[in-house]
Amino acid sequence: MMLIFGLMLLLQTAACLDQFCRFNQSDICYAAVGHKLNLLMVQNTSVYDTTIQKNINYNTATDPVCRIKNDTMRVCNLYSNRPEVTVIKGTLIINRVIRADSGNYTVSFSRSDGTFCTSTDLQVNVEAPIGSVEVSISCSSSGVMRASCSSEGDQLLYSWTLNGDPLMDGNSSFDLNEGTDGNITCSVKNHVSHGQKTVRLKPCPVFSVTVFVLVWCLQLMVLLGLLGGFHIHMRHTSEKSQEDQKLRMRRFRERHEDS
Ligand SMILES: *[C@@H]1O[C@H](CO)[C@@H](O)[C@H](O)[C@H]1NC(C)=O
Ligand SMILES: *[C@@H]1O[C@H](CO)[C@@H](O)[C@H](O)[C@H]1NC(C)=O
Ligand SMILES: *[C@@H]1O[C@H](CO)[C@@H](O)[C@H](O)[C@H]1NC(C)=O
Ligand SMILES: *[C@@H]1O[C@H](CO)[C@@H](O)[C@H](O)[C@H]1NC(C)=O
Ligand SMILES: *[C@@H]1O[C@H](CO)[C@@H](O)[C@H](O)[C@H]1NC(C)=O
Ligand SMILES: *[C@@H]1O[C@H](CO)[C@@H](O)[C@H](O)[C@H]1NC(C)=O
């Protein structure tokens, strides 16, 4: 039973994040694209007539509005063609939030006889939640390690830790000191979600230096080998020519002695 309940809860949270804001809150209401937003209207909507106005030109005649009477949406050009927007017990529910829901809203309450009661403002900022976080480590030709982090989403803030210790904030990529070792974690967050990824660092092969030294050694060896070979060859040919000379001399003498 507990297991099924836990599983249901897990599925529910995975499928859709429930977000709550109050129309009279003074701070910004952040909402994630694709998730469910509950906007508490604060006043009793079965007692008061409620008007939600989206302030585009701050013009009550032209800005879109939604009139709610006795917990029911009546005239509502603000959420026209959006059956996913409902009012239940004084809460405006948007399931699912779209980018166009960003904006500044004014909610006004009036009594059934039409007399104005009170109003309140709310700023809604919609952000795309963070996707999967990717970390890549690259080595430059001089052996410098560079860590880079990437993810999808709006207004991303990056921070890094190395083996659990904070490294630096703010940049999606930076250079690591030579010989840095361990596990590096990139954390990404915005106002509506967060994510992170850890990778194990591998020291950069000091590639170019090694190759340079190797090539240099090889060249030296080949050069020395060539020089040695040439030397032997020279000695060999000179010995040979000396012998030839001796032979010729002997033959010359023999011929002279014969005649
Ligand atoms: C919003 O309204 C509720 C209920 O009336 C009240 O408790 C809360 O203090 C109000 N918040 C602000 C920021 O005015
Ligand atoms: C809202 O008003 C109705 C009618 O007066 C009442 O039955 C209900 O309990 C009120 N709801 C809240 C949350 O105060
Ligand atoms: C408000 O709605 C409820 C049920 O939806 C209904 O019972 C009640 O009579 C309505 N009140 C008014 C004043 O229309
Ligand atoms: C909402 O109002 C605030 C200040 O009151 C302003 O900075 C912001 O740009 C407005 N947002 C929109 C979407 O108009
Ligand atoms: C981010 O990196 C750039 C260039 O690499 C640097 O100028 C800037 O100061 C860095 N920002 C932070 C917050 O460290
Ligand atoms: C890095 O993570 C691995 C596996 O998660 C772990 O075995 C290792 O001890 C960690 N290294 C450091 C320096 O924390």
Side-chain angles (χ1 to χ4, degrees), residues 12-13 16-131 150-159 169-172 188-195:
Q12 215 176 349
T13 46
C16 185
L17 201 105
D18 243 321
Q19 308 159 101
F20 294 89
C21 288
R22 308 176 77 94
F23 266 113
N24 69 338
Q25 73 185 45
S26 45
D27 46 344
I28 295 169
C29 170
Y30 288 98
V33 174
H35 291 289
K36 182 181 175 184
L37 176 63
N38 301 272
L39 285 162
L40 269 66
M41 285 185 276
V42 183
Q43 301 291 333
N44 190 334
T45 46
S46 52
V47 175
Y48 296 101
D49 291 353
T50 312
T51 304
I52 303 172
Q53 174 137 10
K54 186 167 184 180
N55 301 313
I56 294 171
N57 303 309
Y58 290 87
N59 183 335
T60 48
T62 58
D63 283 348
V65 298
C66 195
R67 290 181 207 286
I68 297 154
K69 211 176 169 73
N70 192 18
D71 243 358
T72 312
M73 287 198 274
R74 295 288 162 87
V75 185
C76 193
N77 60 12
L78 175 54
Y79 298 116
S80 51
N81 298 321
R82 289 188 65 192
E84 73 275 22
V85 182
T86 52
V87 174
I88 297 168
K89 289 188 180 129
T91 302
L92 180 81
I93 299 164
I94 305 176
N95 190 13
R96 306 161 173 260
V97 172
I98 59 171
R99 276 186 192 278
D101 290 324
S102 279
N104 292 320
Y105 297 85
T106 299
V107 179
S108 312
F109 301 95
S110 55
R111 293 177 193 90
S112 50
D113 62 4
T115 53
F116 174 80
C117 176
T118 182
S119 77
T120 177
D121 286 343
L122 178 68
Q123 182 177 347
V124 177
N125 281 9
V126 176
E127 291 182 356
I130 283 159
S150 65
S151 187
E152 300 99 49
D154 295 326
Q155 309 286 326
L156 302 182
L157 288 170
Y158 295 90
S159 60
D169 285 349
N171 269 353
S172 62
V188 189
K189 66 169 184 178
N190 61 13
H191 291 98
V192 296
S193 63
H194 58 88

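Each residue takes its place number in the sequence, starting with 1. These values consider heavy atoms only, across backbone and side chains, with no hydrogens, waters or symmetry-generated copies. Atoms within each ligand, like the ligands themselves, are counted from 1 in listed order.
- Heavy-atom proximity to V42, at under 4.0 Å, picks out these atoms of ligand 1: 1 (C), 2 (O), 3 (C), 4 (C), 5 (O).
- Using a 4.0 Å cut-off to heavy atoms of R22, the atoms of ligand 1 that qualify are 3 (C), 4 (C).
- Here the closest non-hydrogen pair linking D63 and Q53 is CB-NE2, 3.1 Å.
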When you look at D101 and I94, which way does the side-chain contact (heavy atoms from CB on, under 4.5 Å) test go after all the steps?
CA-CA 9 Å; D101 290 324; I94 305 176; 3.6 Å; yes

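- At least one side-chain heavy atom of L92 sits less than 4.5 Å from a side-chain heavy atom of V85.
- If you run side chain to side chain donor-acceptor pair (under 3.5 Å) between D71 and each of T86, T50, N44, T45, only T45 comes through.
- Qualifying side-chain hydrogen bond (donor to acceptor under 3.5 Å, both in side chains) partners for K89, counting only residues two or more places apart in sequence or in other chains: none.
- The pair K69-D49 counts as a salt bridge, with a side-chain nitrogen and a carboxylate oxygen less than 4.0 angstrom apart.
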Check: every ligand 4 N/O to protein N/O pair under 3.5 Å:
| residue | atom | partner | partner atom | Å |
| --- | --- | --- | --- | --- |
| ligand 4 | 2 (O) | N104 | OD1 | 3.3 |
| ligand 4 | 2 (O) | N104 | ND2 | 2.3 |
| ligand 4 | 11 (N) | N104 | ND2 | 3.0 |
| ligand 4 | 14 (O) | N104 | ND2 | 3.4 |

Begin from the C-alpha positions of D113 and T115 and carry the test side chain to side chain donor-acceptor pair (under 3.5 Å) through to its verdict.
CA-CA 6 Å; D113 62 4; T115 53; 2.8 Å; yes

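- Close contacts between ligand 1 and N24 involve ligand atoms 1 (C), 2 (O), 3 (C), 8 (C), 10 (C), 11 (N), 12 (C), 13 (C), 14 (O) [criterion: under 4.0 Å to a heavy atom].
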